[in-house]
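Not measured: the values here are computed from a predicted model. We name chains A, B, ... by the order of the sequence lines, and we start the count at 1 in each one.
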Amino acid sequence: MSLTAKKPLGVRILYGFWDFLKKYGLTILAIVLLVLIWQIVVDGFHIKKYVLPSPKLVFNSLFGPQAAKNHWWKHIRTTVLEVFGSFALVLVLGVSLAVLISWNRWLNRLLMPVLVLFNSIPKIALAPLFLLWLGYGVKTNIWISFFVAFFPVVINATTGMMSVDDDLLDLVKYLDAKKYQVFLKVRIPASLPYIFSGIKICATSCVVGSIVGEFCAAKSGLGYLMRDAQAFIDMPTMFACLFLLAVIGMSFFGTISILEKVCMPWKRSRRED
Amino acid sequence: MSEKDVLLSIKDLRKVYKTRDGELEAIGKVTFDVKDQEFVSIVGPSGCGKSTLLRIVAGLLEKTEGEIIVDKTKFNPDKEVGFVFQKALLLDWRKVIDNVLLPIEILKLDKRKYVDRAMELLEMVGLKGFENRYPNELSGGMQQRVSIARALIHDPKLILMDEPFGALDAITREKMNLELMRIWSESKKTVLFITHEIAEAVFLSDRVIVLSARPSRQVGSFDIDLPRPRGIDLKTTPEFNKYVIDVYKTLEVQ
């Protein structure tokens, strides 16, 4: 550790670049190859653009002279807002509900069956109901997305809070810890790894939920744009939407991974001897 | 010592567990006193209810019968007890220093006032410079020493230790015994120590109480009249070994 610290900045940047290449080089190569093959196949077999657009056309619809007519930023903003909004809701309400469920035996018996019942509904099927209740727009889509993503987080967080070692609880109980202290000092932090694995499932579900909401009814958003482009058989725009959704999903997942490292620094440390 | 010095009196304590197969008597009747600043060990075969006894004293378990009388003029049994468990039980997500300060947070004392004390305690248990490490960076022996510092942070009068060195290897255990001796003589606490190692009990204690197998009854009590401070060479003296053999014989008889 101290050895690399003494090297000059330029050398360290080179090392960093080399590390990056070692880690992601093959991934980048795979993506580049995929795009190349796609382009060659479309050109070589003269595939019509309303069947499969070439990567070049998709790129043009995003960055070409015609890109402005799609109002990309407006739609991206809506979708991102929905994804993050529902994610925040899931996190806050999910962890709170998990605390309630694991608070005592009675609440557990009361809430757990209800939760399981709701979980067995295909959540997407709730979308039309939400539209009737809330009208269409960002708010509705946030709630649809919330319902799609909510359950894995609650169930994981509850599992985490309930599976704390009894001895660890005795450690604070002998000092007459209040119940809220038991949660704040032991149960909630102990369940962080569980919460994060729930959140990682939730990250993709949030995107799914938002898009489904936008499919059903919306004024903007990438899902809305896709439906719009579908009406005109505008394949390049539809593919561009898919590409952007993948980018949003990936950066969202990446943010969560970073958050995980920040929230759980002890997971990175290991004994040196 | 006079009657006045008694800190904790356990009278006719009995514990019965209700299990699916009926009642299980863990502790028969146990009666003994612990005096102020005394180091008392309880030895007995495994499964004899030693840990149960300690957990009842700590308020983690309900007793079935009997009394635990605490001299409340001398200490508050809710706040002035420290407990060292068999396992170190450190919270993974807290740095060493924050683990030591945990009782302060639970007791809602002013944390800032105890930071210096936490550092002193860490120095006392030989972990100076480790305050910002996470528990998983420490060895088993180091973790147990952190847990001892944690049990001392709120300046408890009575320290309950439940086979704290049971999980350690023989060499570390020997070192920890010497360390504990030193800590005890520096901090002048009252200690109730549970072990199944007779030599450990004799080496550390002013008094060794011997319990029988379940349901446990007190079958012997030995005042260990050996000079302090005690060093490792004490273990080779005939006086020391006589105590060990006496305790051993008491355990054997039943």
Taking C-beta and beyond as the side chain, do [X] and [Y] meet within less than 4.5 Å on heavy atoms?
| X | Y | answer |
| --- | --- | --- |
| A:Asp176 | B:Ile106 | no |
| B:Phe85 | A:Asp167 | no |
| B:Arg94 | A:Lys185 | yes |

* Where do B:Arg55 and A:Asp170 land on the salt bridge (Lys or Arg N to Asp or Glu O under 4.0 Å) test, with the steps shown first? -> CA-CA 9 Å; B:Arg55 277 164 187 270; A:Asp170 282 347; 2.4 Å; yes
* To do: List the atom of A:Trp266, the atom of B:Asn136, and the distance in Å for their closest heavy-atom pair.
  => O-ND2, 3.0 Å
* Looking at B:Phe83 and A:Tyr174, what are the two nearest heavy atoms and their distance? -> N-OH, 2.9 Å
If you measure from [atom1] on [X] to [atom2] on [Y], what distance do you get to the nearest 0.5 Å?
| X | Y | atom1 | atom2 | result |
| --- | --- | --- | --- | --- |
| B:Tyr134 | A:Lys267 | OH | NZ | 12.0 Å |
| A:Asp165 | B:Lys87 | CG | NZ | 4.0 Å |
| A:Leu184 | B:Glu105 | CG | CD | 10.0 Å |

In terms of heavy-atom contacts, does [atom1] of [X] have more than 12 from other residues, nucleotides or ligands at under 6.0 Å?
| X | atom1 | answer |
| --- | --- | --- |
| B:Lys188 | NZ | yes |
| A:Leu29 | CG | yes |
| A:Met112 | CE | yes |
| B:Arg117 | CZ | yes |
| B:Phe32 | CZ | yes |
| A:Leu117 | CG | yes |
| A:Lys179 | NZ | yes |
| A:Phe118 | CZ | no |

* chain A: which of B:Asp92, B:Leu91, B:Leu160, B:Leu107 shares the most heavy-atom pairs with it under 4.5 Å? -> B:Asp92
* Asked: Can you list the steps and then say if B:Leu102 with A:Leu171 is a side chain to side chain contact (heavy atoms under 4.5 Å, CB included)?
  -> CA-CA 10 Å; B:Leu102 180 73; A:Leu171 169 69; 4.0 Å; yes
